[in-house]
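The block underneath contains the structure these notes are about, expressed in structure tokens.
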Amino acid sequence: MLKSDIGLDVSTGTALVAMYAKCRLFSFAHTLFSRLPQEDVITWNALINGYAQFGDGNRAMEMFHQLRAAGHYPDSGTMVGVLPACVTMNALEQGTCIHAQILKFGFETDIHNGRAKEAISAFCQMRSEGVLPNLVTIITILPAAPFLAALKQGMAIHAYVVHTGFGSNILVGNSLIDMYAKCGRLDYSEEYFHQMRDKSSVPWNIILSGYAIHGLGKAAVALFHRMQETCVEVDSVSFISLLSACRHGGLIEEGRKVFHSMSLEHHIEPKLEHYACMVNLLGRAGELDESWNFIQKCQWQPMLLFGVPY
């Protein structure tokens, strides 16, 4: 390319950055990156995913923060890179922050570019060729089962997790709880949840989210109260799941109480997703005036008016 004097545009430059990153030649990748006339989020993703692939979580997160500082917004490809980076660093707090951003940007329903069947097939081929999956592999493949509503495959992966000893890992445990909840087996999800020791707010939030998905508003409220009784710290994600459960279960009054308790009792400032849940809850119940008042109070009015994924 250099000999032929081919111009280095964003598309070509990004492909070269990705090539060098995948070959673990990060100094060349960074040199090319710095010479690009401009870069987009895909170029940043090439570096982020490159570092994450080779287990350098710190550098992957550093690139992620630089992406944000440069004024770019992450996409689902960015999140695919930074989540495994949090795993390799055992950085649960950073992972929780990334989860919040996934919710904020509406990437929660995005699984493996929609190619979950190919992902499971690749996992099976990996095992058949004698390549041992690691922690990142397990956490990456588990969401593919609920995407396909494939409980059988999910249970097979769970059996492999138990066989290889990954079951004691808290991140794998959280993924299993989420997988069973989304596959419709809340009983399995609850059973695994109760087996966990020293639970943080994350597995509690996952169960709350599971109740929300299945419209079990009263069960979600009861679990939330139990969460407080056991002195587990509730957070912004807890309230998103609880408000969603109230929305699906038609619990209008309970939803109002939960929303107002955020700032009054828990000192958590409601964000876009919480307002969106309340607008949807009240709108479905025919309380249009109150729903409009919530929109008026929210600083993100235009986004709420056109519908926010949450």
Side-chain angles (χ1 to χ4, degrees), residues 1 6-123 126 133-144 147 171 175 178 272 308-310:
M1 286 178 62
I6 297 173
L8 196 64
D9 58 16
V10 177
S11 178
T12 307
T14 298
L16 285 168
V17 170
M19 183 270 290
Y20 281 121
K22 288 177 181 178
C23 291
R24 223 168 184 169
L25 296 170
F26 289 103
S27 59
F28 290 174
H30 278 280
T31 299
L32 271 166
F33 184 85
S34 64
R35 290 179 181 174
L36 289 175
Q38 64 181 36
E39 75 284 331
D40 58 17
V41 67
I42 299 174
T43 318
W44 287 95
N45 289 352
L47 286 173
I48 292 169
N49 283 277
Y51 280 120
Q53 181 182 353
F54 291 108
D56 194 341
N58 288 312
R59 290 290 284 162
M61 290 302 298
E62 183 183 330
M63 291 298 102
F64 174 71
H65 293 311
Q66 287 185 23
L67 176 150
R68 298 305 311 274
H72 294 288
Y73 287 98
D75 62 9
S76 57
T78 316
M79 299 309 184
V80 168
V82 293
L83 281 174
C86 295
V87 174
T88 57
M89 295 188 297
N90 196 26
L92 180 59
E93 186 175 347
Q94 288 194 60
T96 304
C97 291
I98 297 300
H99 185 188
Q101 291 192 48
I102 287 171
L103 292 172
K104 177 180 179 181
F105 290 109
F107 299 141
E108 189 181 25
T109 56
D110 190 292
I111 308 284
H112 304 345
N113 296 319
R115 301 177 66 182
K117 188 177 292 185
E118 290 92 331
I120 291 178
S121 176
F123 176 74
M126 179 183 186
N134 60 17
L135 182 61
V136 176
T137 315
I138 299 299
I139 293 172
T140 302
I141 197 64
L142 275 170
F147 183 78
L171 296 171
S175 297
D178 186 57
L272 170 63
V308 179
Y310 52 90

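These numbers come from the heavy atoms of this one structure, side chains and all, not from hydrogens, waters or symmetry mates.
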Next on the checklist: Using side-chain heavy atoms (C-beta onward) and a distance below 4.5 Å, is Gln53 in contact with Pro84?
Outcome noted: no
Checklist entry - Would you say Thr43 and Phe33 make side-chain contact, with heavy atoms under 4.5 Å? => result yes
Checklist outcome for this item: d(Leu67 CG, Asn45 CG) to nearest 0.5 Å is 7.0 Å
Item to check | Closest non-hydrogen atom pair between His72 and Trp44, with its separation | outcome: CD2-NE1, 3.4 Å
Checklist entry - Got Met19 and Leu25 here, is their nearest side-chain heavy-atom distance under 4.5 Å? => result no
Checklist entry - So, do Thr31 and Tyr20 sit near enough that their side-chain heavy atoms are less than 4.5 Å apart? => result no
Checklist entry - If you measure from CE on Met61 to CD1 on Ile48, what distance do you get to the nearest 0.5 Å? => result 8.5 Å
Item to check | Minimal non-hydrogen separation, Ala60 against Ala85, with atom names | outcome: CB-CB, 3.8 Å
Item to check | Separation between OG1 of Thr78 and CD1 of Ile42, rounded to the nearest 0.5 Å | outcome: 9.0 Å
Next on the checklist: Whether the side chain of Thr96 engages the backbone of Leu92 through a donor-acceptor N/O pair (distance < 3.5 Å, no angle test) should be reported.
Outcome noted: yes
Next on the checklist: So which atom in Cys86 and which in Gln94 form the shortest heavy-atom distance, rounded to 0.1 Å?
Outcome noted: SG-C, 3.9 Å
Checklist entry - Asn134: what forms a side-chain hydrogen bond (donor to acceptor under 3.5 Å, both in side chains) with it, not counting sequence neighbours? => result Thr137
Checklist entry - Less than 4.5 Å apart, any side-chain heavy atom of Ser175 and any of Ile138? => result no
Checklist outcome for this item: When rounded to the nearest 0.5 Å, the distance separating CG of Asn49 from CZ of Phe54 is 11.5 Å
Item to check | Leu36 atom CG, neighbour heavy-atom count above 12 within 6.0 Å | outcome: yes
Next on the checklist: Which heavy atom of Ile120 sits nearest to which heavy atom of Ala144, and what is that distance?
Outcome noted: CG1-CB, 3.9 Å
Item to check | Heavy-atom check, side chain of Asn58 versus side chain of Glu62, under 4.5 Å | outcome: no
Checklist entry - What pair of heavy atoms forms the shortest contact from Leu47 to Ala29, and how long is it? => result CD2-CB, 3.9 Å
Next on the checklist: To check you understand the geometry: which heavy-atom pair defines the closest contact between Ala21 and Ala46, and what is its length?
Outcome noted: CB-O, 3.7 Å
Checklist entry - Distance from Gln66 atom CD to Arg68 atom CZ, nearest 0.5 Å? => result 13.5 Å
Checklist entry - What is the ring orientation for Phe26 with Tyr51, classed by angle as parallel under 30°, tilted 30 to 60°, or perpendicular over 60°? => result parallel
